[in-house]
Every structure is written in C-alpha cells, then in structure tokens.
Amino acid sequence: MARRQVVFGMLGTQLDAGEGPGRWQKWRPTVSLGMHEDFLPDRIELLLDERRYSKLARVVCEDLVQAAPGISVQRHDTYLADPWEFEGVYATLHDFLASYPFQPEEEDYYVHITTGTHVAQICWFLLTESRHFPGRLLQTSPPRKQDGAAGTYAVIDLDLSRYDHIAQRFAQQQLQDRDLLKGGIATRNAAFNRMIEQIETVATRSRAPMLLMGPTGAGKSQLAKRVFELKKLKHQLPGRFVEVNCATLRGDGAMSTLFGHTKGAYTGASSDRAGLLRSAHQGLLFLDEIGELGQDEQAMLLRALEEKRFLPVGSDREVESDFQLIAGTNRDLQQSVLEGRFREDLLARLNLWTYRLPGLAQRMEDIEPNIEFELERWSQDQHARVRFNVEARTRYLAFATSPEAAWRGNFRDLGASIMRLATLASAGRIQIEGVEDEIVRLRAQWRGGDAPSPLDALLGDAVDTLDRFDRVQLEEVVRVCARSKSLSAAGRELFAVSRTQRASTNDADRLRKYLAKFGLDWEQVRGPVTP
C-alpha cells in the first residue's frame with residue numbers, strides 16, 4: 001500500500017491571493033501544490049488566521065480541489081499576534097506540531113516553506129532540523145511566465161548524511177581542523193591523535209574551560225593557540241588570544257597583571273590598567289602554569305569564570321569580561337589541592353575537559369614527522385632549503401628514538417637541535433659529521449642537569465605521588481635490580497645487613513613484596529637502566 005503524502009503549509013496572504021477568473025493566470029504557491037503531475041499530495045494541512053483570512057482560504061481550498069479532485073484540505077485556525085516576532089511564531093508552531101497526531105509509519109510529511117513570513121520559514125526550518133517535524137522541506141517556485149502553470153518544486157532533506165558530497169565536505173573539514181590543531185604535523189601516535197580528535201570536537205562545540213596537563217615543552221601553549229585559531233576560523237571568538245605564564249607573576253603585580261588596577265591603587269600605579277582578563281574579552285585566555293597562582297588570585301579567577309565579573313585592584317566598581325579559559329600545568333593539581341596550594345573549587349571548574357599531553361619520550365613514533373616539520377619551518381624562516389643526507393638522517397633518527405635520548409625539554413629540545421643542525425649545514429645538506437657533533441652536544445646538555453630518574457619510565461606521572469623518602473629509596477632499589485642477574489642476587493645486595501640477623505632468609509620474596517607496594521615486578525625493573 002502506497003504511503004500517503006501530507007503537506008503542511010501556511011496560507012500566503014499575498015502570494016495566494018486572487019479573485020475572479022483572472023486568478024488562474026496567476027501563480028499561487030498553495031494552489032500549485034495540486035498541479036504537479038509527479039507530486040500530488042493526498043492531504044494538505046493549511047494553517048491560517050480564520051478571523052482575518054477565511055474568505056481567501058475558502059477560495060484557495062476550492063481551487064485546490066478543482067485542480068486535484070482527490071486532494072483533501074484540513075484548515076487549522078492559527079493565530080499569530082505578530083507574524084514577525086520570532087519567539088511567538090516559534091512557540092505557536094512548536095505547540096501545533098506537539099499536538100498533531102503524526103503517523104510516520106503510514107505517511108510522508110513535507111512542510112511548504114514558500115509561504116509565510118521569513119520568520120515563519122526560519123521556524124519551520126529549525127523545527128524540521130530538530131526533528132520536531134518528522135519530515136522534509138518543500139520549496140515551490142513560479143514558472144518563468146505567469147500563465148497559470150504549476151511552476152517547479154524541490155524537496156530538501158535536512159538529514160545531511162543522505163548527501164554524499166556534503167558528508168565528504170564535513171569529513172574533509174574535520175580533517176583540516178585536526179590538522180590545524182596538530183600544526184600540520186602528520187603525527188602517528190594513536191593515543192595523541194585520538195586526543196586531538198576529541199579536542200577538535202570540544203573546541204568547536206563548547207566554551208567551557210579546558211585544562212592541558214603535561215611536562216614543560218610538550219606543546220601546551222602551541223595547542224592553546226591552535227584551539228583559538230580554529231575557533232576564530234569558525235567565527236566563535238571575535239576577541240584576542242592572550243597568554244601569560246603564571247610562574248612569572250609575583251606579589252602585588254600578579255593581581256594587577258590579571259585583573260587590572262585603577263590609578264593610585266598602589267605606589268607606582270600612575271594610570272589605569274585594564275589587565276589580561278579584560279584584554280581577553282570575547283577571546284581566549286591561556287594561563288600557563290596555573291598551579292603557580294597564589295590563593296587570592298585563584299579566588300578572583302574563580303569568580304571571574306563563574307560570574308564574568310571581577311574587581312580591579314583599588315576599584316569599588318566591578319568590570320565584565322566574557323572569555324574562554326585554557327589553563328596549562330605541569331603539576332599534579334589534585335596533589336596541590338591535598339597540600340593546600342590549589343583551590344579545590346577552582347580545580348573542579350577547570351576539570352571538565354582535561355587533556356594530558358605526552359612528552360616526546362612517550363611519542364617516539366612522532367619524532368620523525370616532527371623532524372620534517374622543524375626542517376620545513378627553518379627553511380621557510382631562512383628562505384633556504386636544508387635536508388639530511390641518507391646516512392646522517394638514519395644516524396640522527398636512530399639516536400633520537402633510542403633510550404639514550406632523554407628529550408628532557410621535549411619538543412623544545414628537538415626544535416633547538418634541528419635548528420642547530422640546519423644552521424650549521426653546508427650547501428643545504430646535513431652530513432653525518434654534523435649529526436655526530438649534535439649528538440655529543442645533546443648528551444652533554446642532558447648530563448648537565450639532574451640525571452633522569454629510572455622511575456620516570458616505570459611509573460610515569462605516579463612518581464609525583466611518592467614521598468621523597470620513598471622515591472629516593474625506590475630509585476636505589478631499581479638501580480640495583482637493573483644491574484643484577486636475578487631477583488635473589490638483587491635481594492642479597494639490598495638486604496646484606498638485615499639478612500645476617502635472620503634465622504631464615506628469602507631475599508627474593510622480600511624484594512618481590514617491596515616492589516609490589518609500588519605496582520612493580522621483577523620483569524619491569526630488570527631492564528637496562530643508567531646507573
């Protein structure tokens with residue numbers, strides 16, 4: 001059995017008007033619905049103000065039945081106090097649809113958007129897009145000559161998944177947006193790429209605060225800038241990108257820098273200052289190392305986030321600023337809360353969208369594309385093309401991805417290394433001799449700081465949860481295990497004194513239980529560790 005075709009529409013008080021025999025020479029959109037040979041509705045649901053337009057409606061309905069004798073027209077008295085007032089029109093149409101007995105299993109529905117005010121057309125569109133109206137849009141157009149012909153019609157389905165080219169455009173745009181967030185680098189780390197996919201979705205749909213966690217040099221600042229660029233492209237943030245490293249804010253100047261001050265607020269305040277929060281109005285504020293903010297600044301920031309209002313230093317009049325916040329930190333803020341150094345309510349406000357950026361050592365597969373990116377960036381800045389020769393590239397990549405490469409400064413270290421290689425390259429080619437010199441330089445640089453702890457690779461961020469006493473002790477245990485041939489041998493060395501005071505010793509079992517306290521086992525700690 002064929003499904004019934006049902007069209008909803010509003011009586012066109014101007015377009016549908018016409019009297020006398022001459023009206024048939026005029027194109028009338030509602031009447032034209034009964035004149036298409038390849039699309040003939042079974043029923044038309046006609047909305048109108050019966051008090052004002054019942055005579056016109058009677059003529060239109062009679063003409064519809066004359067044009068298509070099998071058509072049924074149902075009139076609905078729909079009063080609009082002001083057809084150009086959006087809220088009232090939307091509410092009226094919404095309530096009408098909510099009470100209508102739709103039968104989508106048996107009928108196909110269309111809404112005729114040619115008649116009615118522009119406001120009504122927009123409301124129909126929104127109600128159809130949101131599926132409050134379970135159908136499609138129907139657009140009719142007049143013939144080239146006003147000769148009483150039916151004109152043309154077009155059906156528009158707002159289910160974009162039905163349109164392959166549109167779906168492909170959306171998919172391509174998503175890829176471009178994610179490429180922007182990655183700075184154009186073809187990253188290969190699966191976990192990082194999944195994180196970027198979610199950040200792209202969140203960035204385009206939400207203005208809630210975002211928290212970026214990770215070690216220094218992991219790219220928090222660059223990612224925040226790219227989020228801003230993405231939102232700017234989509235016309236979501238007309239304001240500026242404002243960045244500050246909270247570790248540089250000290251004393252009275254911290255409040256003034258963030259929230260501004262009035263003239264004379266304190267010694268040296270010779271004029272008013274807007275402050276960074278007001279500078280970021282309608283834009284994006286990136287507070288790097290937010291864990292370094294003082295308690296007073298944290299309290300003011302929380303109020304500014306929740307109420308979009310705050311008091312500049314020395315002022316008794318509040319100011320407003322509506323900005324999006326991205327915060328960055330290399331601290332464990334939850335631990336800072338437990339230690340009383342960070343407000344729990346502020347962390348709760350920031351912790352809606354939290355992303356941990358891995359360091360370069362956790363993204364070894366991304367070193368190669370980042371080398372290419374850094375080389376390309378240097379070439380563009382210096383207007384000179386530089387490339388590795390095959391031997392030099394193989395040697396550098398082998399070192400860069402080996403356990404020997406600490407990359408303590410993460411992507412900053414890598415960028416500086418490539419810049420040195422490119423600058424010293426002869427005739428645009430990085431040779432093996434230059435790579436060997438750079439490897440020596442990197443080794444010396446990393447030896448010059450604190451030696452990397454073997455616990456960083458074993459425990460990751462959980463290292464920060466250890467007391468210093470436990471950390472020092474565990475580091476020594478791990479170093480002994482790394483150079484020992486067996487669990488028993490390591491136990492004998494570690495318990496050399498106390499084992500002599502026991503009648504029965506099981507050094508291996510004692511060591512196994514000690515490691516288990518920290519979630520470790522012999523297989524994990526027996527690998528190569530620099531002593």
**Request:** Look only at the side chain of Lys225 and the backbone of Lys220, and say whether a donor-acceptor pair between them is shorter than 3.5 Å.
**Result:** no
**Fill in**
Which of Asp366, Asn410, Asp413 passes side-chain contact (heavy atoms from CB on, under 4.5 Å) with Leu360? Answer is Asn410
**Prompt:** Regarding Glu438 and Ser417, is there a side-chain donor-to-acceptor distance under 3.5 Å anywhere?
**Reply:** yes
**Item:** Interatomic distance, Glu229 atom CD to Leu237 atom CG [nearest 0.5 angstrom]
**Value:** 12.0 Å
**Complete:** Tyr355 and Met195 have their tightest heavy-atom pair at CD2-CG, 3.6 Å
**Message:** My understanding is that only residues two or more places apart in sequence, or in another chain, count here; which of them pass salt bridge (Lys or Arg N to Asp or Glu O under 4.0 Å) with Arg343?
**Reply:** Asp345
**Request:** Report the relative orientation of the aromatic rings in Phe133 and Trp124; use parallel for angles under 30°, tilted for 30 to 60°, perpendicular for over 60°.
**Result:** perpendicular
**Residue from Arg207, Glu197, Met210 passing side-chain contact (heavy atoms from CB on, under 4.5 Å) with Val202** = Met210
**Atom pair CD1/CG of Ile199 and Leu212 - distance to nearest 0.5 Å** = 6.0 Å
**Message:** To check you understand the geometry: which heavy-atom pair defines the closest contact between Tyr396 and Leu421, and what is its length?
**Reply:** CE1-CD1, 3.6 Å
**Item:** Main-chain N/O of Ser488 paired with Asp507 side-chain donor or acceptor, under 3.5 Å
**Value:** no
**Request:** Ignoring hydrogens and angles, state whether a donor on the side chain of Thr187 or Asn193 is under 3.5 Å from an acceptor on the partner side chain.
**Result:** yes
**Message:** Distance check, rounded to the nearest 0.5 Å: Leu520 atom CG versus Leu511 atom CG?
**Reply:** 10.5 Å
**Asked** Just by modelled atom types, is the Asn389 backbone N or O under 3.5 Å from a matching donor or acceptor in the Gln431 side chain?
**Response** no
**Prompt:** Between the main-chain N or O of Pro238 and the side-chain N or O of Lys232, is there a donor-acceptor pair closer than 3.5 Å?
**Reply:** yes
**Prompt:** Ion pair present between Arg441 and Asp437, side-chain N to carboxylate O less than 4.0 angstrom?
**Reply:** no
**Item:** Residues, nucleotides or ligands: over 12 heavy atoms within 6.0 Å of Glu436 CD
**Value:** yes
**Item:** Spacing of CZ belonging to Phe342 relative to CG belonging to Leu333, to within rounding of 0.5 Å
**Value:** 5.0 Å
**Request:** Spell out, as yes or no, whether a donor-acceptor pair under 3.5 Å connects the side chain of Glu374 to the backbone of Met419.
**Result:** no
**Prompt:** Are any of the side-chain heavy atoms of Phe388 and Leu375 separated by less than 4.5 Å?
**Reply:** yes
**Prompt:** Between the main-chain N or O of Ala400 and the side-chain N or O of Trp407, is there a donor-acceptor pair closer than 3.5 Å?
**Reply:** yes
**Message:** Quick check: closest heavy atoms across Val480 and Ala490, and the distance to 0.1 Å?
**Reply:** CG1-O, 4.1 Å
**Other residues, nucleotides, ligands: >12 heavy atoms within 6.0 Å of Asp316 CG** = no
**Fill in**
dist Leu301:CG -> Cys246:SG (nearest 0.5 Å) comes out at 8.0 Å
**Asked** With no hydrogens and no angle check, is any side-chain donor or acceptor of Ser130 less than 3.5 Å from a backbone partner on Leu127?
**Response** yes
**Prompt:** Nearest heavy-atom pair of Val525 and Cys481: which atoms, and what distance?
**Reply:** CG2-CB, 3.7 Å
**Asked** About how many Å separate CG of Asn370 and CZ of Phe411, when rounded to the nearest 0.5 Å?
**Response** 5.0 Å
**Message:** Using modelled atom types and a 3.5 Å cut-off, is there a donor and acceptor pairing between side-chain atoms of Gln524 and backbone atoms of Asp521?
**Reply:** yes
**Request:** Taking all non-hydrogen atoms of both residues into account, name the closest pair between Arg412 and Gly217 and its distance.
**Result:** NE-CA, 3.7 Å
**Request:** Specify the closest pair of heavy atoms between Ala304 and Leu277, including all atoms of both residues, with the distance to one decimal.
**Result:** CB-CD2, 3.6 Å
**Request:** Answer yes if the side chains of Glu289 and Asn245 hold a donor-acceptor pair under 3.5 Å, and no otherwise.
**Result:** no
**Request:** Salt-bridge test for Glu372 and Arg377: reply yes if a basic N is under 4.0 Å from a carboxylate O, no otherwise.
**Result:** no
**Donor-acceptor contact present, side-chain Gln295 to main-chain Gly340, <3.5 Å** = yes
**Message:** Can you confirm whether the side chains of Asn330 and Thr216 place a donor and an acceptor under 3.5 Å from each other?
**Reply:** yes
**Message:** Any carboxylate oxygen within less than 4.0 angstrom of a Lys/Arg side-chain nitrogen, looking at Glu339 and Arg341?
**Reply:** yes
